[in-house]
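What follows is one structure encoded as structure tokens, with my remarks underneath.
Below, all heavy atoms of this structure are taken into account, side chains as well, without hydrogens, waters or symmetry copies.
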Amino acid sequence: MTIPLLICDDSNMARKQVAKSLPAGWDVEITFATNGLEGIQAIREGKGEMVFLDLTMPEMDGYQVLEAVKSEGLDAMIIVISGDIQPDAHARVTKLGAMDFIQKPVNPEKLHEVLRKFGLM
């Protein structure tokens, strides 16, 4: 079954890098969002059952997206991908419901490891 996958990051290069890091043959339909407002709208529309979410973005940051998903009871499995590796950032996104946290730039092996950990591939 095809998984609606949302890659939400304000950096075009980062979006492309995450897409290229996905496992070969993984059955996903990718949607891209360039900021948190676009991201939350895509999740509301069912385009983000699985979400790779940056934290630092214009319009609405990743923390606000996580808060909106939680408060609206939206069904989304969210993995944060960010350059902000402060321990408090990791703790905060976990508390807001993120499944895991991957440091930028994405290491494809780490991404695959996280997906396997949650039975997503």
Side-chain angles (χ1 to χ4, degrees):
M1 187 170 147
T2 304
I3 299 170
L5 172 68
L6 174 65
I7 300 173
C8 186
D9 195 307
D10 59 319
S11 163
N12 184 47
M13 188 172 77
R15 290 190 305 272
K16 286 180 180 179
Q17 201 254 337
V18 171
K20 286 180 182 177
S21 298
L22 298 176
W26 195 32
D27 191 11
V28 293
E29 182 175 328
I30 301 173
T31 299
F32 294 107
T34 62
N35 62 56
L37 285 176
E38 288 179 11
I40 196 69
Q41 188 58 41
I43 294 168
R44 288 176 182 139
E45 293 170 3
K47 296 176 183 174
E49 187 176 303
M50 175 84 238
V51 181
F52 294 123
L53 179 68
D54 185 25
L55 290 179
T56 309
M57 297 179 290
E59 308 292 327
M60 181 181 205
D61 68 23
Y63 296 111
Q64 293 168 312
V65 171
L66 285 163
E67 288 167 355
V69 166
K70 190 173 185 176
S71 70
E72 294 179 31
L74 299 172
D75 191 21
M77 297 176 286
I78 301 174
I79 295 173
V80 170
I81 299 178
S82 179
D84 183 352
I85 57 167
Q86 301 298 319
D88 58 329
H90 191 264
R92 185 174 172 200
V93 300
T94 302
K95 186 176 179 183
L96 289 169
M99 295 169 58
D100 213 324
F101 190 108
I102 300 174
Q103 184 178 346
K104 277 184 182 179
V106 173
N107 174 326
E109 291 172 14
K110 173 65 176 169
L111 178 65
H112 299 184
E113 175 188 315
V114 169
L115 293 172
R116 277 193 298 277
K117 180 169 93 173
F118 292 104
L120 298 167
M121 64 169 268

With the 4.5 Å side-chain cut-off for hydrophobic clustering, are [X] and [Y] part of the same group?
X	Y	result
Ile3	Leu6	no
Ile7	Leu37	no
Val51	Ile40	yes
Met57	Leu55	yes
Phe101	Met77	no

Open item on the list: By the side-chain hydrogen bond (donor to acceptor under 3.5 Å, both in side chains) test, which pairs, at least two apart or in different chains, include something from residues 59-79?
Closed with: Arg44-Glu72
Open item on the list: I'd like to know whether Val28 forms a side chain to side chain contact (heavy atoms under 4.5 Å, CB included) with Met50, so could you lay out the CA-CA distance, the side-chain angles of the two residues, the decisive distance to 0.1 Å, and finally the verdict.
Closed with: CA-CA 9 Å; Val28 293; Met50 175 84 238; over 6 Å; no
- [ ] Looking only at non-hydrogen atoms, find the nearest pair between Ile43 and Ala76 and report the distance.
- [x] CG2-CB, 4.0 Å
TODO: Please report the closest heavy-atom contact between Cys8 and Gly39, naming both atoms and the distance.
DONE: SG-CA, 3.9 Å
- [ ] For Glu29, enumerate each residue passing the side chain to side chain contact (heavy atoms under 4.5 Å, CB included) test, keeping only those at least two apart in sequence or located in another chain.
- [x] Thr2
Open item on the list: Restricting to side chain to side chain contact (heavy atoms under 4.5 Å, CB included), what partner residues turn up for Ser11, sequence neighbours left out?
Closed with: Asp9, Met13, Ala14
Do [X] and [Y] make a side-chain contact, defined as non-hydrogen atoms from C-beta onward lying under 4.5 Å apart?
X	Y	answer
Ile78	Val69	yes
Leu53	Ile79	no
Leu22	Phe52	yes

If you look only at distance, which donor and acceptor atoms sit under 3.5 Å apart when one is on a side chain in residues 111-121 and the other is two or more places apart or in another chain?
unit_1: His112; atom_1: NE2; unit_2: Ser21; atom_2: O; d: 2.7
unit_1: Lys117; atom_1: NZ; unit_2: Asp100; atom_2: OD2; d: 2.7

TODO: Report the hydrophobic cluster partners of Met1, with the cluster defined as I, L, V, M, F, W, Y residues connected by side-chain heavy atoms closer than 4.5 angstrom, directly or transitively.
DONE: none
If you look only at distance, which donor and acceptor atoms sit under 3.5 Å apart when one is on a side chain in residues 80-88 and the other is two or more places apart or in another chain?
unit_1: Ser82; atom_1: OG; unit_2: Asp84; atom_2: N; d: 3.0
unit_1: Asp84; atom_1: OD1; unit_2: Gln86; atom_2: N; d: 3.2

TODO: Starting at CG of Asn12, measure out to CD of Gln17 and round the result to the nearest 0.5 Å.
DONE: 12.0 Å
Task: CA sep, side-chain torsions, deciding dist, call: Asp54, Lys104, side chain to side chain contact (heavy atoms under 4.5 Å, CB included) - done: CA-CA 9 Å; Asp54 185 25; Lys104 277 184 182 179; 3.4 Å; yes
Under 3.5 Å donor-acceptor pairs involving side-chain atoms of residues 92-99, not counting sequence neighbours:
unit_1: Thr94; atom_1: OG1; unit_2: His90; atom_2: O; d: 2.8

Task: For Glu45, all residues meeting side-chain hydrogen bond (donor to acceptor under 3.5 Å, both in side chains), sequence neighbours excluded - done: Gln41, Lys47
Task: Partners passing side-chain hydrogen bond (donor to acceptor under 3.5 Å, both in side chains) against Glu38 (at least two apart in sequence or in another chain) - done: Thr34
TODO: Give every residue pair that meets the ring-ring contact (aromatic ring centres under 6.0 Å, His included) criterion with at least one member in residues 10-37, sequence neighbours excluded.
DONE: none
TODO: May I have all residue pairs that pass salt bridge (Lys or Arg N to Asp or Glu O under 4.0 Å) and include part of residues 10-22, sequence neighbours excluded?
DONE: none
